[in-house]
Amino acid sequence: MQTELKRILGQNEWSRRDIATLLDLSDPADEALLFQRAYEVKRQQVGTRVYFRGLIELSNVCIKNCYYCGIRRANPDVDRYTLSEEEVLDAAAFAHRSRYGSIVIQSGERTDESFIAFVEHLVRRIRESTNNELGITLSLGEQSESTYRRWQAAGAHRYLLRIETSNPGLYQTLHPQDHSFHVRLEALRTLYRLGYQVGTGVMIGLPGQTSEHLADDVAFFKEMDVAMIGMGPYIPHHGTPMNEAIPDWSARKEEQLRRALRMIAVVRIQLKDVNIASTTALQAIDPTGREMGLQAGANILMPNLTDTQYRTGYQLYDGKPCLDENATLCAGCLERRIAAIGETIGYGEWGVSPHYKKKKQSSSALSSGVSPSRSAVVSGSPL
Ligand code: SAH
Ligand code: SF4
């Protein structure tokens, strides 16, 4: 395999088959070569500074019924909650004080006016109360263009919406008939057109997903020209229709983690200068999963800021880690873990991906007629 692996790593362009071969690597020595290459690309393209996005799990109320997710509407065993304005502002203030640079507000999906207005108000209040210093990412599912516009006008500038899989047929097996792949794709396109920094991603190791599907996902990320990728292993949740879909989960979960790490490495090598999150789902399988993600090419972490009394209520999958660790404990623990792998933390910085910065600079240079580097200096924005 080493000869084939070296042949692939020696090429600039990879075919679908090449990517599938890398995703199927099983020898730890082969994997180590792949991770080394990914780390080298990371070091050159985005550096070894990790950026934090403090995660606020706003609500577990959801109108959707995704077959894989623990907080789906039809799960009767979930104690539903929505954080109060004060609780959200407190979490944002913690992030600001701790110099996290930015936060992510994530939630089950709701499209009613009171929710839309609540989020709009929250975003405004957070911007005001942090002197416009805290970056705000939203991850609140599929919404109308006018809702995305309202939230953007209030001060949100990034949006995370995973496509889950770029294969429409596979997507349909994971969702009820009334969840449309095309609606999700259109939502991503709208966010991009509106000028959000768009993040997307997929679950890795889904039932029925092949390595070729994942290779197509990599091509999809390139085509969508996204600024950020958030991917993690699919992990069963006991209260969902897909719970039994991966037989013998405990024997297979280690491979599920390794496959996710190989996907992170492949995406880093192929997409080079985007932000890639090392997600909590990696840590749900192995306590050091997020560090492994950073070593496979990721550069973003999302420390959980949600008050511990709500964390058990926001379980998308089984085995969610840190259910009883408050944000202060999380911060200390993360700092140690990051130092242990020889990386540093980008305190007080938004951590915009070089990919998005370059795009911004070249578009403003085109409209202003000055060179890209000069236009960035002139605009003086945190972008
Ligand atoms: N409701 C919003 C945001 C919350 S869900 C949305 O769906 O976009 C955030 C992400 O959690 C989803 O995009 C999905 O990729 C992930 N997720 C849900 N259930 C999961 C599971 N069982 N295993 C791994 N990831 C899961
Ligand atoms: Fe709701 Fe998101 Fe879970 Fe789907 S994945 S059920 S939209 S929270």
Side-chain angles (χ1 to χ4, degrees), residues 53 55-78 80-82 104-111 115 119 137-143 147-148 151 158-166 170-176 178-181 183-185 187-188 191 196 198-207 209 214 217 226 228-246 249 252-253 256-257 259-260 263 277-285 289 293 302 304 306 310 313-321:
R53 317 265 187 257
L55 178 64
I56 303 174
E57 294 157 337
L58 176 64
S59 172
N60 63 2
V61 178
C62 189
I63 57 169
K64 291 279 186 72
N65 247 330
C66 308
Y67 293 146
Y68 43 83
C69 178
I71 63 170
R72 61 199 302 269
R73 185 185 73 220
N75 185 354
D77 299 326
V78 179
R80 305 285 168 177
Y81 74 85
T82 300
V104 180
I105 302 179
Q106 192 180 77
S107 172
E109 198 170 302
R110 273 179 60 184
T111 53
F115 181 73
V119 171
T137 306
L138 299 180
S139 178
L140 307 171
E142 295 158 23
Q143 304 286 341
T147 300
Y148 289 146
W151 291 344
R158 292 190 179 120
Y159 205 99
L160 294 183
L161 184 71
R162 289 186 179 177
I163 192 73
E164 315 298 1
T165 168
S166 63
L170 181 59
Y171 185 92
Q172 222 48 69
T173 67
L174 309 171
H175 300 95
D178 62 344
H179 295 25
S180 150
F181 175 82
V183 170
R184 201 151 183 97
L185 186 58
L188 273 173
L191 289 161
Y196 276 94
V198 179
T200 192
V202 295
M203 282 176 284
I204 300 154
L206 287 162
Q209 184 187 51
L214 288 169
D217 294 338
V226 287
M228 143 115 189
I229 315 274
M231 299 175 296
Y234 160 69
I235 300 177
H237 183 287
H238 62 276
T240 62
M242 274 169 55
N243 185 38
E244 304 294 330
I246 299 192
W249 167 252
R252 287 189 47 188
K253 64 182 185 187
Q256 193 83 346
L257 169 66
R259 195 168 174 71
M263 180 70 173
S278 193
T279 56
T280 314
L282 297 166
Q283 195 191 356
I285 297 184
M302 294 161 65
N304 198 331
T306 314
Y310 298 112
Y314 199 86
Q315 288 200 65
L316 309 175
Y317 42 79
D318 287 339
K320 179 181 176 181

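Keep in mind that the numbers below use all heavy atoms, side chains included, and drop hydrogens, waters and symmetry copies. Whatever order the structure lists them in is the order used to number ligands and atoms, beginning at 1. In this text, all values refer to a predicted model and were calculated from it rather than measured experimentally.
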Can S107 be said to touch ligand 1, with heavy atoms closer than 4.0 Å?
yes
Please could you name the atoms of ligand 1 that C69 approaches to less than 4.0 Å, counting only its heavy atoms?
19 (N)
Could you tell me which atoms of ligand 2, counted from 1 in the order shown, lie closer than 4.0 angstrom to a heavy atom of K64?
1 (Fe), 6 (S), 7 (S)
Below 4.0 angstrom from a heavy atom of R184, which ligand 1 atoms are there? Numbered from 1 as shown, please.
6 (C), 7 (O), 8 (O)
Any heavy atom of L316 closer to ligand 2 than 4.0 angstrom?
no
Mind checking whether atom 3 (Fe) of ligand 2 has an N, O or S of C69 under 2.8 Å?
yes
Where the side chain of T200 meets the backbone of L161, is there a donor-acceptor pair that is under 3.5 Å apart?
yes
Out of curiosity, is E57 lining ligand 1, as in a heavy atom under 4.0 Å away?
no
Could you find the nearest protein heavy atom to atom 21 (C) of ligand 1 and give me its residue, atom name and distance?
I235 O, 3.5 Å
Can you see which heavy atom on D217 is nearest to which on S166, and at what distance?
OD1-OG, 2.5 Å
Short question: side chain of R162, backbone of G201 - any donor-acceptor pair under 3.5 Å?
no
Hey, does the side chain of R80 reach the backbone of N60 with a donor-acceptor pair shorter than 3.5 angstrom?
yes
At what distance is the nearest protein heavy atom to atom 19 (N) of ligand 1, and which residue and atom is it?
Y68 CD1, 3.4 Å
Is there a side-chain contact between L160 and M302 (heavy atoms, below 4.5 Å)?
yes
Determine, using heavy atoms of C66 and all atoms of ligand 1, whether some pair is separated by less than 4.0 Å.
no
Just which atoms of ligand 1 are under 4.0 Å from any heavy atom in R162?
13 (O), 14 (C), 15 (O), 16 (C)
Say whether G108 and ligand 2 are in contact under the criterion: heavy-atom distance to a ligand atom below 4.0 Å.
yes
With a 3.5 Å cut-off and no angle check, do the side chains of Q209 and Y234 form a donor-acceptor pair?
no
Under 3.5 Å, is there a donor-acceptor pair between the side chain of Q143 and the main chain of R110?
yes
A student comparing H179, M203, Q315, K320 should find that the heavy atom closest to atom 25 (N) of ligand 1 comes from M203
Just need the protein heavy atom nearest to atom 24 (C) of ligand 1, so name the residue and atom and give the distance.
P233 O, 3.4 Å
Is it true that a side-chain atom of E57 and a backbone atom of Y314 form a donor plus acceptor pair closer than 3.5 Å?
no
So for Y67, does at least one of its heavy atoms come nearer than 4.0 angstrom to any atom of ligand 1?
no
What about Y159 and Y148, are their ring centers closer than 6.0 Å?
yes
Distance from atom 14 (C) of ligand 1 to nearest protein heavy atom, with residue and atom:
E164 OE1, 3.4 Å
Tell me whether Q172 at atom CD has more than 12 heavy atoms from other residues, nucleotides or ligands lying less than 6.0 Å away.
yes
List every atom of ligand 1 that sits less than 4.0 Å from any heavy atom of Y314, numbering the atoms from 1 in the order shown and giving each element.
4 (C)
Nearest heavy-atom pair of M231 and T279: which atoms, and what distance?
O-OG1, 3.0 Å
The protein heavy atom nearest to atom 5 (S) of ligand 1 is L316 CD1, 4.1 Å
Ligand-residue contact atoms, ligand 1 with S139, heavy atoms, under 4.0 Å
3 (C)
So does G313 get a backbone contact from the side chain of Y81, meaning a donor-acceptor N/O pair under 3.5 Å?
no
Tell me the closest heavy-atom pair linking N243 and P236, and the distance in Å.
OD1-CB, 3.7 Å
For I71, take its heavy atoms, then give the atoms of ligand 2 lying under 4.0 Å from any of them.
8 (S)
Where L55 and N304 come nearest, the two heavy atoms and their spacing
O-OD1, 3.5 Å
Return the residue, atom name and 0.1 Å-rounded distance of the protein heavy atom closest to atom 2 (Fe) of ligand 2.
C62 SG, 4.7 Å
For atom 4 (Fe) of ligand 2, what is the closest protein heavy atom, and at what distance to 0.1 Å?
C66 SG, 2.3 Å
Give a yes/no on ligand 1: does H237 have at least one heavy atom closer than 4.0 angstrom to it?
no
Atom 9 (C) of ligand 1: the protein heavy-atom neighbour that sits closest, reported with distance to 0.1 Å
Q106 NE2, 3.7 Å
